[in-house]
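Here the structure is laid out as structure tokens; the discussion comes afterwards.
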Amino acid sequence: MSTEAPNTSERPLDFVRQIVAADLAAGKNGGRVKTRFPPEPNGYLHIGHAKSICLNFGIAREFGGQCTLRFDDTNPVTEDTEYVESIQEDVRWVGFEWNDLRYASDDFDQLYAWAETLINKGLAYVDSQDVETIRRQRGTATEPGVESPNRSRSVAENLDLFRRMKSGEFPDGAHVLRAKIDMADPHLILRDPVLYRIKHAHHHRTGDKWCIYPMYDFAHGQCDAIENVTHSICTLEFETHRVLYDWCIEKLEIYPSRQYEFARLNLTYTVMSKRKLLELVKNGMMSGWDDPRMPTLCGLRRRGYTPEAIRAFCGTIGVTRYNGLTDMVVLENALRDDLNKRAPRRMAVLRPLKVVITNYPEGQSDELDAINNPEDASAGTRKVPFSRELYIERDDFMEDPPKQFFRLAPGREVRLRYAYFIKCEEAVKDEAGNIVELRCTYDPATRGGDAPDGRKVKATLHWVSANHAIDAEVRLYDHLCRIEDLSEVPETEDWKNYLNPQSLDTLTGCKLEPSLKDAEPGSKCQFERLGYFCVDTESVPGKPVFNRSVTLKDTWAKIQKKGG
RNA sequence: UGCCCGGUGGUGUAACGGUAGCACGAAUGACUCUGGAUCAUUUAGUCAAGGUUCGAAUCCUUGCCGGGCAACCA
């Protein structure tokens with residue numbers, strides 16, 4: 001990996017990078033920097049993981065170090081190769097490549113040997129009590145725990161029992177290996193924590209070789225040591241584990257990686273817990289892990305997010321030890337910001353209202369020049385067909401408009417983008433009083449969109465030619481949750497009650513300009529005045545499906561909202 | 001009630017004993033063939049009280065508020 005300047009003048013270093021920079025300056029670790037990104041393969045990665053990915057891989061890249069992708073696969077019952085594969089895909093998609101790909105399970109032999117080391121040192125023992133008893137004996141925040149009657153077993157007996165645990169002599173739960181620390185320690189984690197448990201379960205990598213598996217606390221720091229990780233960066237909930245992390249390093253006399261904790265990402269109007277996301281997928285409330293409403297990386301990808309936007313977002317939210325709640329608009333803004341510069345503009349009418357240009361000759365059509373991206377001259381222009389019958393957005397017409405509405409209304413003139421000024425002469429209604437068609441006239445002198453006499457219009461509308469348009473399905477997405485902060489829902493209540501019932505709005509019969517006919521799944525564009533859209537993975541030729549990635553900022557919507 | 005960690009405008013962050021700054025949001029205006037983008041202006045903050053100091057967001061004490069820890073999960 002090449003070295004990037006970690007501090008490009010304007011952006012100050014976050015506290016983790018400050019520590020890394022200081023360690024480097026002090027000559028620690030022989031000038032070496034090594035981090036790791038350690039997901040458990042029991043679910044798909046989400047935007048919160050992207051924060052960790054950008055931190056760990058980013059530090060390695062910026063400081064000329066290395067970063068390992070390590071699967072924390074110490075619990076075979078929840079883990080699966082499906083997740084292992086998706087995680088690799090997602091890390092690469094975010095834009096990083098690992099120096100090594102490892103698994104905690106690669107180290108099971110060494111971990112086992114270290115467990116025996118602890119036993120031999122009189123620092124671990126086999127406990128044969130059941131879960132409930134061990135839990136009761138742990139004590140509480142205010143009362144010390146009670147020592148297990150098995151705590152004084154001899155080294156020989158412990159070794160014998162532990163070896164028999166390994167060889168499969170006992171059923172699940174019969175015994176457990178515990179560290180012998182202090183049942184009265186004010187740190188609950190130090191009250192003889194469990195190091196190994198019996199699980200007769202098939203492991204996605206080691207198969208049936210093992211029936212005992214190490215706990216997180218007896219694996220993570222040791223794997224760090226084996227890999228010579230210098231800075232082991234994790235989230236705040238592992239803060240209280242650090243004393244145990246350091247205890248293992250000291251007693252085992254292994255490479256002293258240092259653990260640093262930062263606050264995980266919380267976002268408004270969504271859910272960031274793997275358990276809850278899995279629940280949504282399992283019970284069919286989402287179409288899958290990649291449902292575009294999900295905050296998963298594959299969901300965001302399908303929704304139309306770019307890796308550039310994800311990385312920019314991770315850069316703006318910073319890294320601290322304060323557990324806050326970041327506004328979803330920050331993420332959305334990162335996407336707009338990226339796509340504004342890059343996405344080609346197209347015209348699409350989502351809720352079509354037919355417009356007949358009464359003074360335009362029947363059977364005639366024309367081609368007009370449209371700019372592909374006003375932010376990027378090199379994107380060039382394209383032709384869009386014009387004819388007597390068009391569609392405009394229903395929302396762009398009001399029969400009896402309020403003062404602030406400057407779009408089309410009876411007797412009013414507006415511009416059709418890149419085409420002509422048109423004036424509404426009549427709104428045709430059905431028996432029920434619904435407006436079914438607009439009859440308008442156009443001014444041939446305004447071809448291209450400018451009036452030679454210099455007269456102005458207050459609005460420019462997007463439109464498509466009825467006969468040339470292609471039909472499409474367009475899926476509009478809104479927040480996954482109805483409330484900002486899901487953590488405020490009490491445990492006694494089902495959090496799923498707070499899902500947004502309007503998170504998906506599927507529109508059919510949408511009309512797209514013909515240049516969109518061959519758009520490939522994943523390709524992105526801006527539908528002018530509406531938002532950024534991408535072609536969905538389910539889209540097929542002849543039956544296109546578009547996802548709305550994010551809307552454009554909408555001043556009119558804001559005015560309407562304020563007006564009640 | 002034990003231990004650990006936090007608390008800077010509405011939100012996210014910077015300032016590392018020396019002028020509280022930035023981004024997003026909000027508001028206003030300019031410009032505009034996207035009510036987009038862009039540009040300009042404005043808005044609003046150090047949890048509280050003591051202490052140390054010439055000087056405190058920063059150091060100390062106490063309090064208040066928030067989060068985490070009592071899985072054979074990670």
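Below, read A as the first sequence line, B as the second, and so on, with proteins coming before strands; counting in each chain starts at 1. Keep in mind the model is a prediction, meaning the values are calculated, not measured.
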Polar pair under 3.5 Å, donor/acceptor by atom type, side chain Q526(A), base U34(B): yes

Is E261(A) touching bases, backbone alone, or none of the nucleic acid, heavy atoms closer than 4.0 Å? nothing

So which protein N/O to nucleotides 70-74 of chain B N/O distances come out below 3.5 Å?
| unit_1 | atom_1 | unit_2 | atom_2 | d |
| --- | --- | --- | --- | --- |
| A70(B) | O2' | R138(A) | NE | 3.3 |
| A71(B) | OP2 | R135(A) | NE | 3.3 |
| C72(B) | OP2 | R138(A) | NH2 | 3.3 |
| C72(B) | N4 | Q129(A) | O | 3.1 |
| C72(B) | N4 | V131(A) | N | 3.3 |
| C72(B) | N4 | G173(A) | O | 3.2 |
| C73(B) | OP2 | R197(A) | NE | 2.9 |
| C73(B) | OP2 | R197(A) | NH2 | 2.7 |
| C73(B) | OP2 | K199(A) | NZ | 3.2 |
| C73(B) | O3' | R197(A) | NH2 | 3.1 |
| C73(B) | O2' | N75(A) | ND2 | 3.1 |
| A74(B) | OP1 | T74(A) | OG1 | 2.6 |
| A74(B) | OP1 | R197(A) | NH1 | 3.3 |
| A74(B) | OP1 | R197(A) | NH2 | 2.9 |
| A74(B) | OP2 | Y216(A) | N | 2.9 |
| A74(B) | O4' | E40(A) | OE1 | 3.4 |
| A74(B) | O3' | D72(A) | OD2 | 3.3 |
| A74(B) | N6 | H241(A) | NE2 | 3.0 |

Reckon K558(A) has a side-chain N or O less than 4.0 Å from the OP1 or OP2 of G25(B)? no

Considering just the side-chain nitrogens and oxygens of K562(A), establish if one lies under 4.0 Å of OP1 or OP2 belonging to A26(B). no

Run the salt-bridge test on E375(A) and R342(A) with the 4.0 Å N-O cut-off and return the result as yes or no. no

What's touching nucleotides 41-48 of chain B from the protein side, N or O pairs under 3.5 Å?
none

Whole-Å P distance, G10(B) and U43(B): 14 Å

Should the pair R415(A) and F421(A) be classed as cation-pi, given the thresholds of under 6.0 Å to the six-membered ring centre and 45° from the axis? no

Determine the contact category for F405(A): base if any of its heavy atoms lies under 4.0 Å from a base atom, sugar-phosphate if only primed atoms, P, OP1 or OP2 are that close, otherwise nothing. base

Ignoring backbone atoms, establish whether Q18(A) has a side-chain N or O less than 4.0 Å from OP1 or OP2 of A14(B). no

Tell me if a side-chain donor or acceptor on S257(A) pairs with a main-chain N or O of V229(A) at a distance below 3.5 Å. yes

Separation between the P atoms of U8(B) and U58(B), rounded to whole Å: 13 Å

Between A14(B), G7(B), U11(B), spot the one nearest the side chain of D327(A), thanks. U11(B)

Tell me whether the side-chain N or O atoms of E375(A) pair up with the base of G36(B) as donor and acceptor below 3.5 Å, since no angle test is needed here. yes

State which residue, out of D554(A), D396(A), T460(A), fulfils the side-chain hydrogen bond (donor to acceptor under 3.5 Å, both in side chains) condition with R529(A). D396(A)

Closest approach to the side chain of K553(A), judged atom by atom: which nucleotide of G25(B), C69(B), U34(B) is it? G25(B)

Does G36(B) have OP1 or OP2 sitting under 4.0 Å from an N or O in the side chain of T555(A)? yes

Decide yes or no, distance alone: a donor-acceptor N/O pair under 3.5 angstrom between the base of G36(B) and the side-chain of R336(A). no

With heavy atoms under 4.0 Å as the rule, sort R242(A) into base, sugar-phosphate or nothing. nothing

Which is true for L236(A) with a 4.0 Å heavy-atom rule: it touches a base, it touches only sugar-phosphate, or it touches nothing? nothing

A44(B) to G21(B) separation - P atoms, rounded to the nearest Å: 13 Å

May I have the step-by-step check of salt bridge (charged side-chain N to carboxylate O under 4.0 Å, His left out) for D366(A) and R447(A), ending in yes or no? CA-CA 10 Å; D366(A) 191 5; R447(A) 186 176 192 277; 2.8 Å; yes

Inter- and intrachain pairs under salt bridge (charged side-chain N to carboxylate O under 4.0 Å, His left out), touching residues 261-272 of chain A, at least two apart: E237(A)-R264(A), R242(A)-E261(A), E261(A)-R321(A)

C1' atoms of C60(B) and U53(B), separation to the nearest Å: 12 Å

